[in-house]
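Structure first, commentary second.
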Amino acid sequence: MDEKKERLEKLLTQVVADLAREKDVSLPDDFCAQLERPRHEGHGDWATNTAMQLTKRFGMPPRDLASEIASRLRTVPGGDLIEKIEIAGPGFMNITLKSAWVADLIADILAKRDDFGRCNIAWGKKVQVEYVSANPTGPLHIGHARGAVVGDILSSVLEFCGWEVGREYYINDAGNQMELLGRSTQARYFALLGREAEAPFPEDGYQGDYLTDIAQSILDAQGKSLADKPLAETLPLFTDESYRQILATFRKDLGDFGVLFDVWFSERSLYDGDEVEKSIAALKERGFAYDQDGAVWFKSTHFGDDKDRVMIRANGVPTYFTSDVVYLKNKYDRGFDYLIYVWGADHHGYVPRMKSVNEAFGGKDEAFVVVLIQFVSLLRGGVPVAMSKRAGSYVTLREVLDEVGPDAMRFFLAMRRCDSHLDFDLELAKKSSSDNPVFYVQYAHARICSILREVAARGVAMPAITRLDVSVLTDPTEAALVKTLSRFPEEVAKAGTELAPHRMAFYAQELAESLHAFYNAQRILGVEEDVMNARLLLVEATRVVLRNVLRILGISAPEKM
RNA sequence: GCGCCGGUAGCUCAAUUGGAUAGAGCAUCGGACUACGGAUCCGAAGGUUACGAGUUCAAAUCUUGUCCGGCGCGCCA
């Protein structure tokens with residue numbers, strides 16, 4: 001299908017160029033006639049608005065120009081794969097191909113199977129996707145879950161588009177927050193012993209119950225003796241144990257959620273070698289860093305920032321910003337051509353600064369991409385649930401996962417475009433009923449499997465692809481299903497270039513809808529043999545594509561429900 | 001105050017990046033298999049795309065002004 005589209009586009013471009021030469025009209029140097037999917041049913045396989053775009057240059061009404069182009073297109077060599085051309089509306093050309101392409105498409109799907117829909121728009125380049133990267137100071141909540149799903153699906157989409165993808169989690173295991181975490185747990189430990197006065201809970205400490213649990217586990221493992229040592233001496237133990245335990249739950253929760261990483265990158269590890277010194281030296285060499293007032297500064301004003309930013313404080317301690325600077329350089333040093341950061345929208349103010357850093361290191365502008373994820377409003381039966389990490393009263397990823405299950409949760413979180421707010425109603429998502437779109441999609445898959453089981457039970461053999469006669473597929477629902485199937489590679493490519501994973505969720509629903517409509521309109525078994533064979537192959541092709549899109553979404557494709 | 005993201009059907013959201021009659025799902029109403037799974041299908045109703053002005057063959061989309069909602073502006077992370 002794609003090759004046919006390209007051939008048609010070349011043909012169209014050629015025809016327009018010839019016409020322009022004859023009429024002595026100039027075309028833009030980079031002119032290329034573009035075909036697109038018609039928006040409405042029954043408008044053919046491809047459409048173009050070329051005539052409308054050129055109406056001014058040719059000085060002709062779009063309708064007349066379209067007719068002129070269409071009549072030439074039919075007669076030009078290679079135009080024989082066109083069944084018909086219709087001029088519609090204000091000058092659209094709707095092109096219908098001869099039906100041989102349907103047989104090609106189904107054969108293509110059944111030959112490529114799991115690989116159908118793959119493309120190579122990356123040319124073997126390496127991209128890193130960094131996502132979640134939540135501070136290991138408290139449980140993952142629903143906002144993290146959205147970032148996790150978006151990052152995960154985006155990575156899968158990019159892999160399907162031919163990228164070599166590195167999935168990475170950045171662990172913020174350095175800095176003040178870690179110390180605060182340790183002190184919070186330490187205070188809980190003393191509280192368990194009834195000795196709060198000796199280690200009061202920090203004013204802005206982490207208040208969730210999970211720290212009491214961790215304190216209890218330390219008490220179980222180490223006994224009471226830690227309370228008799230100086231606070232400063234035992235603090236690292238509390239810090240590290242809290243961090244270790246919380247990170248372990250992150251791995252478990254995300255793993256159960258189907259979100260896996262190639263690398264869990266430790267912020268602390270940036271400080272093991274001389275990477276920090278090297279990074280700062282590199283910036284100074286380029287004139288983007290300097291010393292002043294005992295601190296080291298990044299010259300962000302050069303890139304339009306209000307003021308320069310501190311990298312190393314006067315007391316010698318690096319800022320969080322410095323870690324990100326070194327980390328960015330580290331990513332490039334590891335050979336990634338493109339860097340994608342999936343961040344919460346509350347970090348948007350930080351984006352220009354990091355773009356500056358990218359530029360300061362000589363990185364290409366388009367190589368540094370931030371996908372901002374808007375907030376998730378969590379509702380319970382229509383009533384907003386407060387989410388405050390500090391207060392510790394929020395709904396965790398784990399709770400939602402246990403209530404809703406990974407499939408429905410992933411689908412709900414992937415359904416919206418990243419830059420719009422998302423309402424997630426627990427009561428709604430918990431309902432395993434018909435208004436849950438994930439069941440709709442999975443049911444389509446299960447339904448096909450059920451048909452294939454029935455085929456086997458009746459002793460009918462799956463026909464060979466060579467037996468396919470597409471001329472019997474005349475029903476509108478069959479045509480619609482074929483067209484939806486043919487769109488899959490484009491949708492994957494679009495989702496990849498636009499970094500828009502929600503497209504996959506929408507496509508999955510559309511494909512399921514096409515299948516259900518076809519199923520209700522026509523019978524597959526118990527009809528004339530040629531028709532049955534064609535429909536069986538069509539349905540099998542649909543199953544393959546459904547499975548592929550569900551695999552990208554990270555959602556199971558059940559054979560029974 | 002400055003900046004970023006939104007505002008589309010009663011609700012939650014799409015819209016091939018400037019193209020045709022702005023589309024889906026819930027919810028509402030009315031219909032559909034004695035046969036492959038009714039967790040399905042078909043139909044109806046629902047719109048001044050927050051509001052005004054501008055740009056052109058063409059605007060939900062671009063420019064600009066205003067209004068509303070969310071978020072961000074530390075030698076915190």
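In what follows, chains are A, B, ... by sequence order, proteins preceding strands, each numbered from 1.
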Atom [atom1], compared across [N] and [M]: separation rounded to whole Å:
| N | M | atom1 | result |
| --- | --- | --- | --- |
| B:G46 | B:A59 | C1' | 24 Å |
| B:G19 | B:C36 | C1' | 42 Å |
| B:C42 | B:U64 | P | 44 Å |
| B:U8 | B:G23 | C1' | 11 Å |
| B:A60 | B:U21 | P | 11 Å |
| B:G38 | B:C33 | C1' | 9 Å |
| B:A22 | B:C13 | C1' | 13 Å |
| B:G7 | B:U66 | C1' | 14 Å |

Nearest of [options] to any side-chain atom of [X]?
| X | options | result |
| --- | --- | --- |
| A:Arg503 | B:C41, B:A20, B:A15 | B:A15 |
| A:Phe439 | B:A39, B:U17, B:C41 | B:A39 |
| A:Lys56 | B:U56, B:G6, B:A20 | B:U56 |
| A:Tyr519 | B:G38, B:U56, B:A20 | B:G38 |
| A:Asp423 | B:G37, B:U12, B:C5 | B:U12 |

Checklist entry - Under 4.5 Å between any side-chain heavy atoms of A:Ile552 and A:Ile153, yes or no? => result yes

Checklist entry - Does A:Asp291 reach the side chain of A:Ile312, with side-chain heavy atoms less than 4.5 Å apart? => result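 They are not in side-chain contact.
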
Look at all strands and tell whether [X] reaches a base, only sugar-phosphate, or nothing, counting heavy atoms closer than 4.0 Å.
| X | answer |
| --- | --- |
| A:Glu510 | nothing |
| A:Phe92 | base |
| A:Gln522 | base |

For the pair [X] (side chain) and [Y] (backbone), establish whether a donor and an acceptor sit closer than 3.5 Å, ignoring hydrogens and angles.
| X | Y | answer |
| --- | --- | --- |
| A:Arg410 | A:Ile555 | no |
| A:Ser133 | A:Tyr170 | yes |
| A:Ser356 | A:Pro352 | yes |

Next on the checklist: Against the six-membered ring of A:Phe31, is A:Arg57 placed for a cation-pi contact (under 6.0 Å from the centre, within 45° of the normal)?
Outcome noted: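 Ring-cation test returns no.
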
Could you tell me how far apart [X] ([atom1]) and [N] ([atom2]) are, to the nearest whole angstrom?
| X | N | atom1 | atom2 | value |
| --- | --- | --- | --- | --- |
| A:Arg37 | B:A20 | CZ | P | 17 Å |
| A:Tyr440 | B:C13 | OH | P | 21 Å |
| A:Arg543 | B:C36 | CZ | C1' | 15 Å |

Next on the checklist: What's the separation between atom CG in A:Asp407 and atom CG in A:Leu553, rounded to the nearest 0.5 Å?
Outcome noted: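 Spacing of CG (A:Asp407) from CG (A:Leu553) equals 10.0 Å.
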
Checklist entry - 5'-most contact on RNA chain B: A:Ala47 or A:Ile524, nearest heavy atom basis? => result A:Ala47

Item to check | 5'-most by nearest nucleotide on RNA chain B - A:Val455 or A:Pro38 | outcome: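 Per heavy-atom nearest nucleotide, the more 5' residue is A:Pro38.
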
Charged N-O contact under 4.0 Å between [X] and [Y]:
| X | Y | answer |
| --- | --- | --- |
| A:Arg309 | A:Asp324 | no |
| A:Lys494 | A:Glu498 | no |
| A:Arg458 | A:Glu454 | yes |

Checklist outcome for this item: If one requires at least 3 consecutive Watson-Crick or G-U pairs with distances under 3.5 Å, the stems of RNA chain B turn out to be B:1-7 with B:67-73, B:10-13 with B:23-26, B:28-32 with B:40-44, B:50-54 with B:62-66

Item to check | Sugar-phosphate or base contact per nucleotide [nucleotides 68-77 of chain B; S, B, -; heavy atom under 4.0 Å] | outcome: --SBS-SBSB

Checklist entry - Between A:Phe265, A:Trp264, A:Tyr131, which is the residue that forms a ring pair (Phe, Tyr, Trp, His ring centres under 6.0 Å) with A:Tyr169? => result A:Trp264

Checklist entry - For the side chain of A:Asn94 and the base of B:A20, is some donor closer than 3.5 Å to an acceptor across the two? => result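 Side chain to base: pair present.
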
